[in-house]
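As a basis for the values below, the full set of heavy atoms in this structure was taken, side chains included, without hydrogen atoms, waters or symmetry mates. Chain letters run A, B, ... following the sequence lines, proteins first and then strands; every chain starts at 1.
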Amino acid sequence: MSTNRLRFAPAPTGSLHLGSARTALFNWLTARGTEGQLILRIEDTNAELTRPELIDNIYRSLDWLQIDFDGEPVRQSERTDLYNDAVERWLSDDLAYVDDGAVRFRVPSEGTTSWDDVVRGKVVFENENIEDFVVRRTDGTATFFTANAVDDFDLGITHVVRGEDLVNVTPKVIMLRKALGAQDLPTFAHLPLIVNEQRKKLSKRRDDVALESYRDRGVLADAMINYLALLGWGPSDDIEVRPIEEIVKLFRLEDVNPSPAMFDVKKLEAVNGEYIRSMEYEEFSDALLPWIADQPWNSLVDRDQLCRVAPLVQERTRVLAEGPPQLDFFFLETPEIDQSAWDKAMTTAEAPLILDSTKTAFTTVDWTVAALHESLRAIGDSLGMKLGKAQAPVRVAITGRLVGPPLFESLHALGRDAVLERIVQAQNRLAGV
RNA sequence: GCCCCCAUCGUCUAGCGGCCUAGGACACCGGCCUUUCACGCCGGCAGCACGGGUUCGAAUCCCGUUGGGGGUGCCA
């Protein structure tokens, strides 16, 4: 039994594409689940793709996802000799010929080229439908086909796991591999495409495909991994959200289904919400920090207060970026009043009464969540109102909005002085002062 | 045009010839809980594209139709 060797071979074309991330993941799951090895190979045969920042971007994204590799990354731009040797050999064996300065591989006009794809079954191409293709450009650089075939062979790759968009290059790569003297074929697995609402391949143009943009909105790496694993694969026990280690154990390439999968942000966020809810309180408030830093009231934030208050919005947060905006009133000197919320809550006949009674009661009430709760409930009772209605004017006075974290916990965290002051401010505003 | 691929609820999937009156999740719609919103819980809506075979029996196997998609660069 030889060990499996897989590779993830991205072309560094900017930020890591969701589809590439999913390919990296399926390679990683296969390698880790079979005690195999995973190599990162940068396909930068094209001169424009060798820019360091593009490559760093790939490293950063994979690192964020915690997809790790065995050994140092392989850069194709550093292996040009290997490719040249191969092309020269093909040339001298008359398997290739010079055409307009480039080198083309001779494709037989008869016969077929085929392989047994793990996810698609047998795929067959008639050789007559494949044209003689370029293996070395006029400028002397190797093309994708050459580099791909040489490296997969040279690096002893046993499993080629990649996107379905590469199915049609496979026969060419197989021909080159044979021309290289290889007796065997790696196991091929062509993963289904990730598509958008229009069922078209996710594209930079139309779709939000950059992995980073999800990270920037506060999708957790584990949630992203978990969700991506569900695109083209599903556990037979129906438990979709689960620890990555379990996914590693359950995942099998043979179970990947061949039909395209739509990227559903709603579901991603639902999965992310589950991950957020399962975080420890401190972990959650720490995780919020980068987004707190983006708030205009960032400088007013007190870490202890943040830790007390963050749990109040934890189960109301699907992506981390949604967290801080719900907390602004805890740190702002005066809450930012939402006009439509104000109009809805304050224009009732009871609103002034509620504010007034609340002010009086809150001046002396025990400053505990239970006592505050009871106090406002009693005020509502006296006016024949349910607490749900009665709390509205107070909520708007304190938080500026109609919806938000639990009111009494919020009052408690804010403190008596701040609360009373905000009630008075609301009364003044109501009176038109 | 040519080549290749795909086809289970709106979406992601389970299913690999009888366990299916097709299961779960997201979304959606009701209800409960409730201090708003959420969370949680309960319930509902909704699918094997179509037509032929094969078989005692087909979502599962085969063929065709239709509908989608991908590729057709000296990009990868």
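- The side chain of A:Ala261 sits closest to B:rC12 out of B:rC12, B:rA7, B:rG15.
- Across B:rC6 and B:rG31, the matching C1' atoms stand 40 Å from one another, rounded to whole Å.
- Ring geometry, A:Phe69 versus A:Phe8: the interplanar angle falls under 30°, so the pair is classed parallel (tilted spans 30 to 60°).
- To the nearest whole angstrom, the two P atoms, one in B:rG1 and one in B:rC19, are 43 Å apart.
- Between A:Phe408 and A:Leu376 there is a side-chain heavy-atom pair separated by less than 4.5 Å.
- Separating the P atom of B:rU65 from that of B:rG24 is a span of 37 Å, rounded to the nearest Å.
- Residues A:Arg32 and A:Glu245 are not paired through a salt bridge, judged by the lack of any N-O separation under 4.0 Å between the basic side chain and the carboxylate.
- Using Watson-Crick or G-U wobble geometry with both donor-acceptor distances under 3.5 Å, B:rC75 finds no partner in any strand shown.
- With hydrogens and angles ignored, no donor-acceptor pair closer than 3.5 Å exists between the side chain of A:Arg120 and the base of B:rC5.
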Readout for nucleotides 19-27 of chain B: B = base within 4.0 Å of protein heavy atom, S = sugar-phosphate only, - = neither; 5' to 3' it is ----BBBSS
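- The existence of a salt bridge linking A:Asp207 and A:Lys200 is excluded, since no basic side-chain nitrogen approaches an acidic carboxylate oxygen closer than 4.0 Å.
- The residue among A:Arg316 and A:Pro192 whose nearest nucleotide of RNA chain B lies closer to the 5′ end is A:Pro192.
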B/S/- along nucleotides 60-76 of chain B (protein heavy atoms under 4.0 Å) is ---------BSS--BSB
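- With P as the reference atom, B:rG15 and B:rU8 are 14 Å apart, rounded to whole Å.
- Here, B:rC29 and B:rU66 have their P atoms 39 Å apart, quoted to the whole Å.
- Electrostatic pairing of A:Arg308 and A:Glu409 does not count as a salt bridge here, judged by no charged N lying under 4.0 Å from a carboxylate O.
- Among the atoms of the strands shown, base atoms are found under 4.0 Å from some heavy atom of A:His373.
- Partner assigned to B:rC41 is B:rG31, using Watson-Crick or G-U wobble distances below 3.5 angstrom.
- Remark: A:Arg7 CZ to A:Asn27 CG distance equals 7.0 Å, nearest 0.5 Å.
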